[in-house]
Amino acid sequence: MSTSGPHVDAPIAPHRYGARLAAEIEQRWQDRWEAEGTFHADNPVGELSSGADLPAEKYFLMDMFPYPSGAGLHVGHPLGYIATDVIGRYQRMLGKNVLHALGYDAFGLPAELHAISTGEHPRTNTLANIANMRRQLRRLGLAHDDRRSFATIDPDFVRWTQWIFLQIFESWYDEEQQRARPIAELVEKLGTDDPDVIDAHRLAYISEAPVNWCPGLGTVLANEEVTAEGRSERGNFPVFQRSLRQWNMRITAYADRLIDDLDGLDWPEPVKQMQRHWIGRSHGAEVDFEVPEVENASIRVFTTRPDTLFGATYMVLAPEHELVDAIVTDAWPEGTDERWTGGAPSPTEAVAAYRAAAAAKTDVERQENREKTGVFTGAFAANPVNGARVPVFVADYVLVGYGTGAIMAVPAHDERDFAFATAFGLPTPRVVAGPDGVDDELPFTGAGTAVASANDDVSLDGLDVDAAKERIIAWLEAEGRGTGTTTYRLRDWLFSRQRYWGEPFPIVYDEDGHPHAVPDHLLPVELPEVPDYSPRTFEPDDADSEPEPPLGRVQDWVHVTLDLGDGPRPYRRETNTMPNWAGSSWYELRYTDPTNRDALCDPENERYWMGAGTGAANSTGGGAGPGAANSTGGGAGPGAANSTGVDLYVGGVEHAVLHLLYARFWHKVLFDLGHVSGAEPFHRLVNQGYIQAHAFTDARGTYVPAEEVVESVDESGATVYTHDGVPVAREYGKMGKSLKNVVTPDDMYDEYGADTFRVYEMSMGPLDQSRPWETRAVVGSQRFLQRLWRLVVDEDTGETQVVDEPTDEATRRVLHRTIAGVRDDLESLGLNTAIAKLIEYVNHLTKVGARQREALEPLLLMVAPFAPHLAEELWSRTGHDGSLAFEPFPQPDPSLLVEDTVTCVVQVQGKVRSTMQVPASADDAELTERAMAEANVQRAIDGREVRKVIVRAPKLVSIVV
RNA sequence: GCCGGGUUGGCGGAAUCGGUAGACGCGACGGUCUCAAAAACCGUUGUCCGAGAGGGCGUGCGGGUUCAAGUCCCGCACCCGGCACCA
């Protein structure tokens with residue numbers, strides 16, 4: 001796209017607001033804010049406390065912090081940062097103590113890969129990237145408290161990440177009290193300190209977990225790094241499923257609280273929905289089906305629909321289910337349907353072949369296979385409610401990892417069971433009738449009434465789904481054939497990585513292999529220097545090899561002698577590192593007290609910033625004492641727990657589940673243990689959209705630089721795009737180097753200045769919506785600021801031309817309407833419409849040639865959150881000494897918002913036929929009379945009889961004929 | 001397939017409760033200024049018919065409720081995001 005913005009100030013007006021003047025103003029004010037510490041937020045106590053009285057209310061807002069990438073920023077990145085800056089500046093002008101800072105999420109794979117390929121320490125490269133991003137962001141003029149900026153790799157930060165890990169390690173979950181408690185209390189309760197028993201209860205525990213092991217790369221891979229063919233995305237090496245000793249976090253213990261506490265959060269409903277679905281709580285029953293022919297064999301299934309038990313006509317085990325070998329028979333029973341045999345001469349062979357085929361498939365392949373496949377095991381089980389003999393199959397549509405890995409199949413009322421039953425010729429008896437007795441088509445999965453569901457003891461007939469569930473569960477429990485249960489889709493959090501660039505675990509192992517915490521005074525455990533950042537690689541097909549993390553090779557780091565209470569002994573350090581998520585799981589807390597050396601944050605600072613609602617500064621210290629058992633977890637109502645946390649958290653929806661779930665989990669553990677005052681970290685969440693961009697490809701499919709593409713209209717009126725005269729195709733998506741469509745903030749600073757860039761990004765559309773970048777439209781925002789400048793400053797002389805005279809009544813009314821509208825929009829985050837109202841006001845002032853202080857000063861204050869440098873400059877030019885950052889935001893005068901006359905619309909048959917100016921106080925009769933007198937209205941009525949007149953005084957008269 | 005979000009002028013978008021659809025900006029067109037151009041400023045700009053007054057049509061498509069629907073209800077199409085046989 002060709003850009004034709006104003007590159008330099010036109011010579012005709014030496015003091016016109018343009019890129020050059022903007023750059024000078026912006027630099028000057030940024031330096032001044034920094035020198036004066038304008039945006040330093042005062043803490044109640046500690047190093048960042050001035051001792052002065054704090055404002056009555058606080059406002060803590062945060063952005064999801066960035067990963068310091070080497071590519072630097074493009075214009076899409078600052079979108080959220082500008083928005084939070086506007087909101088923060090506005091809240092400050094409302095008199096609140098605003099905490100806003102930005103840290104860096106600086107551990108991670110890209111830096112490690114860079115280190116592997118260059119040999120440069122990842123810290124060196126990461127710090128350089130952070131410095132570059134700081135430079136780019138500084139020029140935006142963000143009102144951050146830079147004393148509170150940190151990176152997750154700072155030793156001072158790592159120390160507390162490790163400390164929190166140890167808190168989790170030294171805790172267990174008390175199911176009765178529904179909260180985490182210190183491990184010492186478990187020792188007391190169980191009356192044993194047997195490490196094997198104790199370790200098995202810890203919230204951070206070691207277990208064997210299956211991983212994607214890639215010997216060729218020497219690393220474990222995430223699912224998304226494995227191709228459908230079961231090879232590594234990088235390098236195309238084979239990947240093997242392998243069990244590995246791993247650290248895990250017992251997040252499943254918090255499943256209920258993580259779901260229940262969502263109710264009190266001010267989050268977008270879709271995000272809550274996604275978290276609920278991810279945790280996947282389902283209520284149902286576990287039911288035992290006996291296999292009469294095999295001694296002591298009974299198949300336990302999980303079902304969410306125990307009410308349909310009478311309709312179970314067969315069962316399915318996952319191919320990996322442990323009972324398969326025990327029940328599979330040697331010969332096909334008499335009369336076995338040949339569709340059930342898989343063409344094999346015996347069940348043993350059929351099952352073996354089916355299992356081999358399933359094992360050879362990757363998860364992805366198994367899931368892509370829509371066709372229902374399976375084989376009969378030759379065995380039958382007895383339906384506990386009616387004794388019916390039901391055949392048992394093995395099929396891969398049942399997953400070993402969910403529920404019990406076995407199901408009872410009710411084909412009449414489950415889509416998948418129905419598909420399977422159809423393919424295998426199994427009966428599909430109906431046991432639920434549709435509402436109103438309608439006999440819907442099968443499978444019928446909706447709510448209805450139980451039918452044909454009775455035995456000698458119990459009848460479900462006539463009951464709705466919930467009542468039927470309740471009754472059958474009671475019966476199963478009484479008979480000892482099943483129990484009501486709840487299962488979750490959520491799994492524990494795999495917490496170790498075989499990498500270098502992450503937080504080391506503060507864990508050592510004794511000679512028996514038991515883990516011990518490194519004492520607090522030895523934290524942080526810092527990463528040792530290593531000769532080589534690459535993990536050890538193996539022959540690509542050496543499935544038996546084992547990951548060897550880089551830390552494992554530093555022998556004099558791994559082996560230490562420590563005194564953990566029973567004299568100096570040799571220990572071996574944990575050589576895995578923590579995942580990237582660790583730092584982001586608690587960083588909000590560190591903003592509140594970033595320099596604290598004695599605690600992750602002082603409780604008083606934490607209570608002040610994270611406290612309930614705004615202005616919790618002087619809430620009583622012990623009030624919500626988390627140590628008190630009855631105020632924790634399940635005890636406290638969700639409302640009470642959730643009114644705490646960061647006042648506003650802005651970030652992309654891609655973090656809807658993982659980051660936000662992990663952070664909530666850590667926060668709840670810290671809450672249970674008494675380290676924080678509330679159960680939720682983020683009270684209000686807003687998802688920002690993305691800035692997208694057009695990219696252009698030539699006939700060969702190669703990307704051409706977007707800024708060189710010319711747009712024109714051909715003879716037929718269609719828009720065509722050409723590059724060097726050659727037509728190119730347009731596509732729409734991300735901004736990226738490879739797409740040759742990157743526009744950087746630096747480009748915008750140079751061409752227009754930061755204020756123009758800020759205003760443009762905020763005016764493009766609502767915050768939560770994605771939108772395309774259009775460089776040529778930026779000039780509109782520049783013109784707006786130019787007009788604003790011209791109202792205050794004479795472009796030719798540079799002199800301030802504000803006069804101390806009252807404005808005319810009309811302008812005063814427009815001003816106060818603007819103030820009211822802008823306030824409303826800022827409260828509801830309608831930043832784009834707030835700017836539109838400011839533009840309208842400026843256009844009005846331009847038209848009437850207003851120069852009055854009364855009209856201009858409130859305008860400067862309202863513009864300040866959006867274009868702070870320009871506003872500060874004009875504020876000082878109109879005769880003010882200090883920064884306007886703490887000036888009260890203008891208040892509307894209610895008496896000026898009342899209109900004397902309003903426009904009244906007259907509709908005939910629903911169509912607008914006339915508008916009239918009427919007094920705001922006009923009554924129905926008066927309006928009707930005036931409407932009837934309108935010539936247009938009479939013409940539309942056309943002599944017909946008026947049947948009805950609806951009046952909504954004073955805005956509308958609707959006439960029906 | 002399921003879940004969530006969306007579809008409004010040439011373009012980005014606005015329309016708080018069902019009550020004048022298209023605020024504001026870009027672009028385009030016309031004008032002022034200028035030797036000229038740029039910048040700036042002023043005006044026009046959903047579409048069709050009409051000289052005008054005015055009128056027809058119009059918020060993805062098809063129905064419905066209502067005096068009145070971008071907004072509410074039913075059905076459908078397409079686009080974006082997420083999840084994927086979860087019993």
Side-chain angles (χ1 to χ4, degrees), chain A residues 4 6 9-13 16 18 268-271 273-274 277-278 280 282 284 301-305 308 316 363-364 366-370 372 395-399 401-410 414-417 419-420 487-489 653-654 656-657 690 692 711 713 717-719 732-733 759-760 763-766 768-774 776-781 783-784 786-787 790 795 824-825 828 830 832-833 835-840 843 846-847 903-912 914-915 935-936 939-940 947-950 952 955-961:
Chain A
S4 56
D9 299 329
I12 199 162
R16 173 166 297 171
E269 198 50 42
V271 175
Q273 233 12 302
M274 282 190 255
H277 182 249
W278 187 265
S282 53
V301 302
F302 172 74
T303 173
T304 55
R305 294 291 303 276
T308 62
V316 182
D363 276 0
V364 177
R366 263 169 83 158
Q367 288 157 9
E368 273 172 355
N369 182 11
R370 272 271 121 57
K372 291 285 175 284
D396 65 5
Y397 80 93
V398 172
L399 309 178
Y402 183 77
T404 62
I407 63 160
M408 64 171 201
V410 185
D414 181 279
E415 301 275 358
R416 288 151 302 153
D417 296 348
F420 188 90
T487 48
Y488 302 87
R489 187 180 166 277
V653 73
E654 72 270 21
V657 176
Y690 297 93
Q692 303 199 284
E711 178 184 332
V713 176
T719 307
Y732 179 61
V759 169
Y760 175 62
S763 67
M764 289 166 79
D768 57 359
Q769 195 170 305
S770 292
R771 73 235 38 198
W773 178 261
E774 193 79 76
R776 70 176 177 186
V778 180
V779 68
S781 301
R783 286 180 192 145
F784 160 54
Q786 233 163 42
R787 279 198 294 275
R790 197 152 42 225
E795 286 189 336
D824 281 354
D825 286 348
S828 61
N832 53 332
T833 49
I835 290 174
K837 292 182 172 91
L838 290 169
I839 293 174
E840 280 182 89
N843 290 349
T846 299
K847 182 169 253 167
T903 305
C904 179
V905 173
V906 186
Q907 297 179 346
V908 180
Q909 301 295 76
K911 288 186 190 297
V912 178
S914 178
T915 59
N936 256 348
R939 186 164 46 229
R947 291 191 297 155
K948 197 171 169 189
V949 179
I950 294 150
R952 295 276 178 275
K955 303 278 284 185
L956 178 98
V957 178
S958 184
I959 297 164
V960 188
V961 295

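Convention: sequence-line order gives letters A, B, ...; per-chain numbering from 1. All values derive from a computational prediction rather than experimental measurement.
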**Request:** Consider the side chain of A:K847, meaning its heavy atoms from C-beta on, and name the nucleotide among B:A40, B:G43, B:A14 that approaches it most closely.
**Result:** B:G43
**Item:** Gap in Å between the two C1' atoms, one belonging to B:C57 and one to B:U8, rounded
**Value:** 16 Å
**Message:** Let's test your reading of the model: under 3.5 Å, does the base of B:G12 pair with the side chain of A:R771 as donor and acceptor?
**Reply:** no
**Complete:** Sorted by chain and residue number, the side-chain hydrogen bond (donor to acceptor under 3.5 Å, both in side chains) partners of A:N832 (sequence neighbours excluded) come out as none
**Asked** Checking only heavy atoms, does the side chain of A:E415 share a donor-acceptor pair with the base of B:G1 at less than 3.5 Å?
**Response** no
**Message:** Run the ring-ring contact (aromatic ring centres under 6.0 Å, His included) test against A:Y760 and tell me which residues pass, sequence neighbours left out.
**Reply:** A:W773
**Prompt:** Which is true for A:S958 with a 4.0 Å heavy-atom rule: it touches a base, it touches only sugar-phosphate, or it touches nothing?
**Reply:** base
**Asked** With a 4.0 Å cut-off on heavy atoms, is A:K955 in touch with a base, just the backbone sugar-phosphate, or nothing at all?
**Response** nothing
**Request:** Respond yes when some side-chain nitrogen or oxygen of A:R787 is under 4.0 Å from OP1 or OP2 of B:C41, and no when none is.
**Result:** yes
**Prompt:** Among all residues two or more places apart in sequence or in another chain, which pass the side chain to side chain contact (heavy atoms under 4.5 Å, CB included) test with A:R790?
**Reply:** A:R16, A:R787, A:E795
**Message:** B:C41, OP1 or OP2 - any side-chain N/O from A:R790 closer than 4.0 Å?
**Reply:** yes
**Request:** Assign A:R783 to base, sugar-phosphate, or nothing according to its heavy-atom contacts below 4.0 angstrom with the strands shown.
**Result:** sugar-phosphate
**Request:** Please list, chain by chain and in numerical order, all residues satisfying side chain to side chain contact (heavy atoms under 4.5 Å, CB included) with A:E415, sequence neighbours excluded.
**Result:** A:P443, A:T445
**Test item: A:R771 side-chain N/O and A:P766 main-chain N/O as donor-acceptor pair under 3.5 Å** = yes
**Item:** Side-chain donor or acceptor of A:Q909 paired with backbone N/O of A:V961 under 3.5 Å
**Value:** yes
**Request:** Considering only atom P, compute the distance from B:G75 to B:G55 and round it to an integer number of Å.
**Result:** 38 Å
**Item:** Rounded P spacing from B:C42 to B:G52 in Å
**Value:** 26 Å
**Asked** What integer number of Å spans the P atoms of B:G81 and B:G13?
**Response** 16 Å
**Asked** Under 4.0 angstrom, heavy atoms only, what part of the nucleic acid is A:D417 near: base, sugar-phosphate, or nothing?
**Response** nothing
**Message:** For RNA chain B, please output the secondary structure as dot-bracket, reading 5' to 3'. Pairs are Watson-Crick or G-U wobble, both atom distances under 3.5 Å; mark crossing pairs with [ ], other-strand partners with |, unpaired with a dot.
**Reply:** (((((((..(((......[....)))((((((.......))))))((((....))))..(((((..]....))))))))))))....
**Message:** What is the separation between atom CZ on A:R416 and atom P on B:A87, rounded to the nearest whole Å?
**Reply:** 7 Å
**Fill in**
Of the listed B:C24, B:G55, B:A40, the closest approach to the A:N936 side chain comes from B:G55
**Request:** Output all residues satisfying side chain to side chain contact (heavy atoms under 4.5 Å, CB included) with A:V657, sequence neighbours left out; order by chain, then residue number.
**Result:** A:M274, A:W278, A:L661
**Asked** Ignoring hydrogens and angles, does a donor from either the side chain of A:K837 or the base of B:C24 sit under 3.5 Å from an acceptor on the other?
**Response** no
**Message:** Quick check for you: among B:C67, B:A87, B:C24, whose closest atom lies nearest to any side-chain atom of A:V960?
**Reply:** B:C67
**Message:** If I pick the P atom on B:C74 and the same atom on B:G22, what distance separates them, to the nearest angstrom?
**Reply:** 29 Å
**Prompt:** Tell me: CG of A:L399 to P of B:C86, nearest whole Å?
**Reply:** 8 Å
**Item:** Any A:N832 side-chain N or O less than 4.0 Å from OP1/OP2 of B:A23
**Value:** no
**Prompt:** With a 4.0 Å cut-off on heavy atoms, is A:T903 in touch with a base, just the backbone sugar-phosphate, or nothing at all?
**Reply:** base
**Message:** From the set B:G27, B:A68, B:C24, return the single nucleotide nearest to any side-chain atom of A:V779.
**Reply:** B:G27
**Asked** If you pin A:S781 and A:S770 to their nearest nucleotides in RNA chain B, which one's is more 5'?
**Response** A:S770
**Request:** May I ask you to verify if any side-chain N or O of A:Q769 is less than 4.0 angstrom from the OP1 or OP2 atom of B:G13?
**Result:** yes
**Message:** Could you tell me how far apart A:W773 (CH2) and B:C11 (P) are, to the nearest whole angstrom?
**Reply:** 20 Å
**Request:** Provide the distance between the two P atoms, one in B:C83 and one in B:G63, to the nearest whole Å.
**Result:** 38 Å
